[in-house]
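Step one of this worksheet: look at the structure below.
These numbers come from a predicted model, not from an experiment. By convention in this document, chain letters (A, B, ...) are assigned in the order of the sequence lines, proteins followed by strands, and residues within each chain are numbered from 1.
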Amino acid sequence: MTDFDNRLMDIAPREPAVTRFRPLSWLVVPLLAIWFQVFVHRFVGYVSYLELPLLVTIYFSMMRRQPIIGSVFGACVGLAQDSLSDHYVGMFGIVKTMVGFIAASLSLRFDVDSPLLRLTVTYALFVFHQMGYWAVAKFLVGQSVDLQLPQMAIQGFLNALIAIPFYLVLDRLKEEAR
Amino acid sequence: MESFLARFRHITVLLLLLMAQLLLLAYQVKTNQEVRLIRIWAVTAVTPLARAVESVSVYWNNVFTTLVRQREVLSENERLKGEVSKLRIENQYLQGELATADRAKVLLAFAQTIPSKTKAARIIGSGTGSNARVVYVDRGSADGIARNMAVVTSKGIVGKVASAYPTASLVTLVTQQGFVAGVVSQVSRVQAILRGTGSDLCTLDYVRNPFALQDKEWLYTSGEDRVFPKGFPVGQVRVTKKSNTEFEFKVQPVALDHLEEVLIVVEGIHGAIPDPAPAPSQEVVILPPPPPAPASAEAPAAGAEGFGSTDADRLREKYRKLGEAQGHTYGGSPGRPPDFNKAVPSAQPKPASAAPGKPEEGKPPAAPKEPAPVKP
């Protein structure tokens, strides 16, 4: 091995850039998203396709770049969403746990500040979330839930489109980046 | 082992989380019970915010609705005000038209009741002087109107045509100074000359019998002036006694109020002076008829004494009873007449069960009662 090779070997692997948020953001933003999901739909019916808790989960998991935190955050958001719904607690929790984990894992390998990547990841995770929920409902709980793929595809695209400016708004909550 | 956990800690945490939630899910599905505590926490965390937002939303919704409604109400108010003004003008116009139609109807009806031939005319102007008591009507010589034709309404005489022009005529009102007309009173038939004085009241001249003329007596045209046909109302006379032999007579013409349409008498035919009617102020009160007698009550016998009988009825009844008591039949046997000086026997009810003359067992025979004294 040459000297150059030895120097290369000594260099530690690059640590992922972790984005920090104000502590209150971790509580208020998901709460607002869930509140929007639960109560605003009552007044504004045409935004019912919006899955703000999922977008928040994806965003915070991607920005934090830590799969454990992403998983826990997704589980918390999912469980909170389950708690305000009429189905079993844990259905959204399981799905959003996996979504948080995947989003955080993806952020370790890709530049998640790119809008195109955000759009793609959000669309893919939305589809994954819907299919995961359908699978949990059908196979674990035994409910008969229809899987409407065209509707899911359109809703995923709309959510991905909304996610771009929504993530830009959430970017303002960043405290510092390193 | 530690290195394994450190290497796969992400997956491990994920699996633990998934496992925990799967267990939670399985527990709920198995026991069919919900995890109440988690739901309470979530609802408690979310609902205060929702309640606050709901209150704010309702408040601003009310404010916005009120503002919008206020604007709508204001604009509607303006529109309604305009409509009300428009309708008020229209209503005023229609009321005028209706009043005109009513007056025309009354005039037409009146024209049909009088024998004289008349032409209806509308007053289109008045005299130019401040004290002028003349008017212009829209009928002239082209319509057959000539000078000295009488002008009347359904209430009474108005005046006479002073000048007839092709398209209009000048009418002198009865109150114009110098206007004269022959009149006669309704009750006492006193004849006089009505004279205009230039004021609202006319005077009576040449009253033939001033003592007979009563206050508030109605005056009618007498027809002797050869202008007004006989029988048109003129007005009520006010008699003022100046001395024992001197009277002052003032007449308030009745037909000059709200003068708009008149009738011009083109062919006068004398009519009759109506008989005096009772004064409208003397109200006569007539009680309603008595209610019919109940069917069970017996009607009083014909000729019986009581309500409605006369002295002759009572005398006839007395004689009938005397005749019955003394066994005399009036108009029957030509025997001795009954003694009318005896007292009239009183009517006694006979016992229904006991035979006449036979006393009941255990009871004394009833003594014959003395006839009741008859009061004169």
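For Leu31(A), the part lying near chain B is the side chain, with the backbone staying farther off; criterion is any non-hydrogen pair under 4.5 Å. Using a 4.5 Å cut-off between heavy atoms, Val136(A) touches chain B through its side chain atoms alone. With a 4.5 angstrom heavy-atom cutoff, Ile40(B) does not touch chain A via any of its atoms.
Other residues, nucleotides and ligands place more than 12 heavy atoms under 6.0 Å from the CZ atom of Arg79(B). Crowding of Tyr59(B) atom OH: a count of heavy atoms from other residues, nucleotides or ligands under 6.0 Å not exceeding 12. In this structure, Tyr27(B) places its OH atom where only 12 or fewer heavy-atom neighbours from other residues, nucleotides or ligands lie under 6.0 Å away. Residue Phe128(A) places its CZ atom among more than 12 non-hydrogen atoms of other residues, nucleotides or ligands, all under 6.0 Å distant. Remark: Gln92(B) CD is loosely packed, at most 12 non-hydrogen atoms of other residues, nucleotides or ligands lying under 6.0 Å away.
The shortest side-chain heavy-atom distance between Leu140(A) and Val29(B) does not fall under the 4.5 Å cut-off. The closest side-chain heavy-atom distance from Gln21(B) to Leu79(A) is below 4.5 Å.
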Legend entry - Stepwise side-chain contact (heavy atoms from CB on, under 4.5 Å) test for Phe101(A) and Ile11(B): CA-CA 9 Å; Phe101(A) 180 82; Ile11(B) 294 290; 3.6 Å; yes
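A distance of 5.0 Å separates OG of Ser71(A) from CG of Leu14(B), quoted to the nearest 0.5 Å. To the nearest 0.5 angstrom, Thr97(A) atom OG1 is 11.0 Å from Leu15(B) atom CG. Between Leu25(B) atom CG and Ile94(A) atom CD1 the span is 5.0 Å, to the nearest 0.5 Å.
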